[in-house]
Amino acid sequence: MRLLLVEDEKRMAQALCELLRLEKYDVDHYADGEEGLYAAESGLYDVIILDVMLPGKNGFEIAKEVRKSGIKTPILMLTAKSDVDDKVEGLDRGADDYLTKPFMTKELLARLRALVRRTSNSSDGTLSFGDITLNTNSYSLICSDNSVRLSEKEFHILEYLILNQGQILTREQIATKIWGYESNAEYNNVEVYMSFVRKKLSFIKAKTEIKAVRGIGYELRYDNV
């Protein structure tokens with residue numbers, strides 16, 4: 001699960017990054033509003049944690065532009081103000097939830113879990129596409145009575161494809177999403193792991209396929225014929 005944190009308060013950002021990484025989230029942090037907007041519009045993140053008061057662009061402007069660009073990633077807005085008008089403005093600009101500083105870390109984590117569940121449209125820890133079901137708790141891939149266990153990278157690749165069904169994901173998007181901005185992973189890694197996932201789809205006799213779109217990337221397809 002990859003999170004984007006846009007927060008310019010250094011101590012707060014450092015503490016949040018440490019907390020979230022301990023909870024096994026991958027976190028990218030930006031302190032500038034313009035840079036945060038650029039990252040948010042990449043579509044690489046599962047949740048965006050967005051401060052209101054930022055240099056360059058404030059959180060309200062970022063949320064509005066993210067939604068205008070068609071990005072549906074859940075946004076959790078952090079505000080130092082408890083004024084109702086600020087909360088209303090954040091929600092109206094496209095935020096899905098908000099927290100007022102200071103807050104308890106357990107509440108932040110609970111709200112993140114709720115946003116992730118909302119994104120997956122599932123309350124039972126599964127994601128589905130075509131004739132396959134992905135169990136997010138056991139990392140197992142299921143088709144009818146057949147199932148197979150996925151490695152961590154295989155799981156996250158298939159999860160990313162399912163959550164973006166109907167879209168073609170580029171090799172660059174997948175490499176960055178799975179291995180991160182700081183990784184030295186080559187695009188060849190993407191092709192290798194796509195091959196692994198395809199073999200497991202074949203093993204469970206799924207009709208769902210990962211199709212390569214020449215010169216662009218990959219997408220999930222299901223032909224029930």
Side-chain angles (χ1 to χ4, degrees), residues 1-4 20-28 42-48 70-74 109 112-225:
M1 192 66 62
R2 182 166 293 277
L3 307 183
L4 172 64
L20 294 169
R21 286 167 183 151
L22 282 173
E23 293 293 322
K24 308 303 182 184
Y25 292 106
D26 292 320
V27 186
D28 293 326
S42 69
L44 297 173
Y45 298 97
D46 300 293
V47 178
I48 298 167
I71 301 296
K72 298 179 181 178
T73 306
L109 294 173
L112 283 176
R113 290 192 294 269
L115 288 174
V116 170
R117 286 196 300 270
R118 193 183 308 172
T119 303
S120 67
N121 295 316
S122 172
S123 60
D124 61 357
T126 63
L127 296 171
S128 298
F129 176 85
D131 60 347
I132 62 171
T133 297
L134 188 64
N135 188 306
T136 62
N137 297 314
S138 65
Y139 279 29
S140 57
L141 177 62
I142 304 159
C143 178
S144 189
D145 294 328
N146 303 316
S147 67
V148 65
R149 184 75 177 268
L150 301 178
S151 71
E152 183 179 0
K153 290 288 191 297
E154 293 166 349
F155 170 82
H156 287 305
I157 285 173
L158 197 49
E159 177 189 44
Y160 191 34
L161 287 166
I162 292 175
L163 289 174
N164 291 276
Q165 55 191 265
Q167 300 181 45
I168 299 172
L169 298 176
T170 68
R171 289 174 178 82
E172 182 179 12
Q173 284 178 306
I174 295 168
T176 304
K177 173 73 173 179
I178 306 304
W179 283 273
Y181 281 110
E182 304 301 323
S183 172
N184 293 320
E186 302 289 338
Y187 289 163
N188 184 55
N189 289 46
V190 176
E191 295 177 6
V192 169
Y193 275 89
M194 284 297 177
S195 175
F196 293 161
V197 177
R198 283 175 171 142
K199 287 177 181 177
K200 291 193 173 178
L201 286 168
S202 176
F203 177 78
I204 61 172
K205 298 179 172 58
K207 292 184 178 179
T208 296
E209 297 179 285
I210 299 174
K211 291 289 188 180
V213 182
R214 185 178 295 275
I216 303 177
Y218 299 90
E219 67 173 334
L220 277 181
R221 290 185 190 170
Y222 174 64
D223 186 7
N224 188 22
V225 176

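These numbers were taken from a predicted model, which means no experiment stands behind them.
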Note, Tyr218 side chain near Val190 side chain (heavy atom, < 4.5 Å): yes
Are there more than 12 heavy atoms of other residues, nucleotides or ligands under 6.0 Å from atom OH of Tyr222? yes
For Cys143 and Ala206, work out which heavy atoms get closest and say how close. SG-CA, 3.8 Å
Is a donor on one side and an acceptor on the other found under 3.5 Å between the side chain of Glu191 and the backbone of Asn188? no
If you apply the rule side-chain contact (heavy atoms from CB on, under 4.5 Å), what do you find for Leu220 with Ile210, and how did you get there? CA-CA 5 Å; Leu220 277 181; Ile210 299 174; 3.8 Å; yes
Just so I know, are the side chains of Leu112 and Tyr25 near enough to count as touching, which here means a heavy-atom distance under 4.5 Å? yes
Salt bridge (Lys or Arg N to Asp or Glu O under 4.0 Å) partner of Asp46, chosen from Arg113, Lys72, Lys177, Arg2: Lys177
Classify the ring geometry between Tyr139 and His156 as parallel (under 30°), tilted (30 to 60°) or perpendicular (over 60°). perpendicular
Give, for atom NZ of Lys200 and atom OG of Ser140, the distance between the pair rounded to the nearest 0.5 Å. 11.0 Å
Please find the pair of heavy atoms, one from Tyr193 and one from Ser151, that lie closest to each other, and give the distance. CE2-OG, 4.3 Å
Take Leu44 and Tyr160, measure what side-chain contact (heavy atoms from CB on, under 4.5 Å) needs, and give me the verdict at the end. CA-CA 9 Å; Leu44 297 173; Tyr160 191 34; 3.5 Å; yes
Quick one: which of Thr208, Leu163, Leu158 gives a side chain to side chain contact (heavy atoms under 4.5 Å, CB included) with Phe129? Thr208
Would you give the length of the straight line joining atom OG1 of Thr133 to atom CG of Leu127, rounded to the nearest 0.5 angstrom? 9.0 Å
Between atom CG of Leu161 and atom CD of Gln167, what is the distance when rounded to the nearest 0.5 Å? 10.5 Å
With rounding to the nearest 0.5 angstrom, report the OG to CG distance, Ser147 to Asn135. 10.0 Å
Would you say Thr136 and Phe155 make side-chain contact, with heavy atoms under 4.5 Å? yes
Pairwise distance CD1(Ile216) to CD(Glu172) - rounded to 0.5 angstrom: 13.5 Å
Will you find, in the side chains of Asp28 and Tyr45, an N or O donor that is under 3.5 Å from an N or O acceptor? yes
Qualifying residue, where the test is side chain to side chain contact (heavy atoms under 4.5 Å, CB included) with Ile132 and the options are Ile142, Leu141, Asn146: Leu141
Which heavy atom of Met194 sits nearest to which heavy atom of Ile157, and what is that distance? CE-CG2, 3.7 Å
Does some side-chain heavy atom of Leu20 sit less than 4.5 Å from a side-chain heavy atom of Leu109? yes
Mark yes or no for whether Arg149, through its side chain, and Ser138, through its backbone, hold a donor-acceptor pair below 3.5 Å. yes
The reported gap from CG in Leu169 to CD in Glu219 (rounded to nearest 0.5 angstrom) is 9.0 Å
